[in-house]
Amino acid sequence: MQPAVIAPSILSANFARLGAEVDAVLEAGADWVHFDVMDNHYVPNLTIGPLVCEALRRHGVTAPIDVHLMVSPVDRIVPDFAGAGATYITFHPEASEHVDRTIQLIRDSGCRPGLVFNPATPLHWLDYTLGAIDLVLLMSVNPGFGGQKFIPSALTKLAEARRRIETSGRPVRLEIDGGVKVDNIGAIARAGADTFVAGSAIFGSPDYAATIAQMRREISAA
Ligand code: DX5
Ligand code: ZN
């Protein structure tokens with residue numbers, strides 16, 4: 001398995017001082033910046049777009065930016081995020097009319113594509129896509145809000161996704177998003193995740209470095 005990646009979701013950061021928050025969390029040992037894009041259409045909330053991604057790059061952020069698109073339609077906004085400095089771009093297959101086309105569009109735009117699975121979305125969307133993507137993101141909450149409770153059925157789904165990835169032989173990352181905390185991240189790692197999104201657990205803690213270090217200890221012990 002690839003080395004663990006901790007990807008704090010900036011949804012729970014203080015947006016009034018976003019650049020400093022991202023600097024702080026990376027300084028505290030985070031690997032990626034998880035960037036949640038919501039459109040008040042595919043999900044019932046509205047967040048941030050390419051301008052904010054570009055602003056973080058201009059601010060000097062060089063870490064990978066993991067753009068999680070919770071938008072429909074998908075394709076219109078992909079080149080904008082590529083131009084804004086996104087590293088990974090993931091999307092929900094239900095939100096795209098032509099999933100394979102969207103994957104190719106992300107790749108052709110110079111970014112790394114990934115598919116996102118809602119709690120009730122079956123993994124069969126991987127049947128003909130796993131050879132073309134770099135990331136599988138399983139949602140362990142319903143998308144739209146930070147601070148929700150982890151849905152336990154995500155653990156069996158992680159194990160199944162891990163099996164599929166191993167069978168493919170490709171270096172595809174397996175990411176979990178929603179309700180990840182210090183006290184469940186070990187079980188999540190054991191189930192097969194190697195990339196961990198955490199919003200409220202990190203940004204809601206008084207000491208980002210201590211929380212990230214604790215998460216890494218739990219993952220290593222898993
Ligand atoms: C939910 C977002 C998540 C969310 C995670 O739609 O995709 O990234 O911010 O937040 P926590 O870790 O607080 O559940
Ligand atoms: Zn997310």
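The closest donor-acceptor contact from the side chain of E175 to the backbone of L135 lies at 3.5 Å or more, if one exists at all. Side chain of D207 to main chain of A209: a donor-acceptor pair is present (N/O by atom type, distance under 3.5 Å, no hydrogens or angles). Judged by distance alone, the side chain of R216 and the main-chain N or O of G29 form a donor-acceptor pair under 3.5 Å. Proximity of a side-chain donor or acceptor of R107 to a complementary backbone N or O of A132 within less than 3.5 Å is detected. Of the possible polar contacts, one joining the D39 side chain to the S72 backbone as a donor-acceptor pair under 3.5 Å is found. Between the side chain of R170 and the backbone N or O of L130 there is at least one donor-acceptor pair closer than 3.5 Å. The main-chain N or O of D75 is never found under 3.5 Å from a side-chain atom of T102 such that the two would form a donor-acceptor pair. Judged purely by atom type and a 3.5 angstrom limit, K157 uses its side chain to pair as donor or acceptor with the backbone of T121. Using modelled atom types, no side-chain atom of R112 and backbone atom of D66 make a donor-acceptor pair closer than 3.5 Å. A donor-acceptor contact shorter than 3.5 Å links the side chain of T156 to the backbone of S153.
For the pair H59/V22, no side-chain contact is recorded, criterion being any heavy-atom separation below 4.5 Å from C-beta on. When side chains are defined from C-beta on, F150 counts as touching L155, because their heavy atoms get closer than 4.5 Å. Within the 4.5 Å cutoff, side-chain heavy atoms of D134 are placed close to those of P113. Two residues are said to be in side-chain contact when any heavy atoms from C-beta on lie closer than 4.5 Å; H68 and V197 fail this criterion. Annotation: side chain of L18 is in contact with side chain of F15 (closest heavy-atom distance under 4.5 Å). The shortest side-chain heavy-atom distance between P73 and E97 does not fall under the 4.5 Å cut-off. Side-chain contact between R164 and V136 is absent, with no heavy atoms from C-beta onward closer than 4.5 Å. Counting only heavy atoms from C-beta outward, the side chains of V182 and T211 approach each other to under 4.5 Å.
No option in L137, V99, V116 other than V116 meets the side-chain contact (heavy atoms from CB on, under 4.5 Å) test with H92.
Other residues, nucleotides and ligands place no more than 12 heavy atoms under 6.0 Å from the CD atom of E27.
Using a 30° and 60° split on the angle between ring planes, F81 and F35 fall in the perpendicular class, above 60°.
Residues satisfying the salt bridge (Lys or Arg N to Asp or Glu O under 4.0 Å) test with R163, not counting sequence neighbours, are E160. With sequence neighbours excluded, the residues that form a side chain to side chain donor-acceptor pair (under 3.5 Å) with T195 are R173.
Put simply, W32 and L138 are part of two different groups of oily side chains (I, L, V, M, F, W, Y) that touch within less than 4.5 Å, one to the next. Each of Y42 and V141 belongs to its own hydrophobic cluster when Ile, Leu, Val, Met, Phe, Trp and Tyr are linked at side-chain heavy-atom distances under 4.5 angstrom. A continuous path of ILVMFWY side-chain contacts below 4.5 Å connects I106 to V37, so both sit in one hydrophobic cluster.
Between atom CD1 of residue I185 and atom CZ of residue F196 there is a gap of 5.0 Å, rounded to the nearest 0.5 Å. Between atom CD1 of residue I103 and atom OG1 of residue T129 there is a gap of 5.0 Å, rounded to the nearest 0.5 Å.
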Please list every donor-acceptor pair under 3.5 Å in which a side-chain atom of residues 5-13 meets a protein atom from a residue at least two apart or in another chain.
unit_1: S9; atom_1: OG; unit_2: L11; atom_2: N; d: 3.3
unit_1: S9; atom_1: OG; unit_2: D36; atom_2: OD2; d: 2.7
unit_1: S12; atom_1: OG; unit_2: S200; atom_2: N; d: 3.2

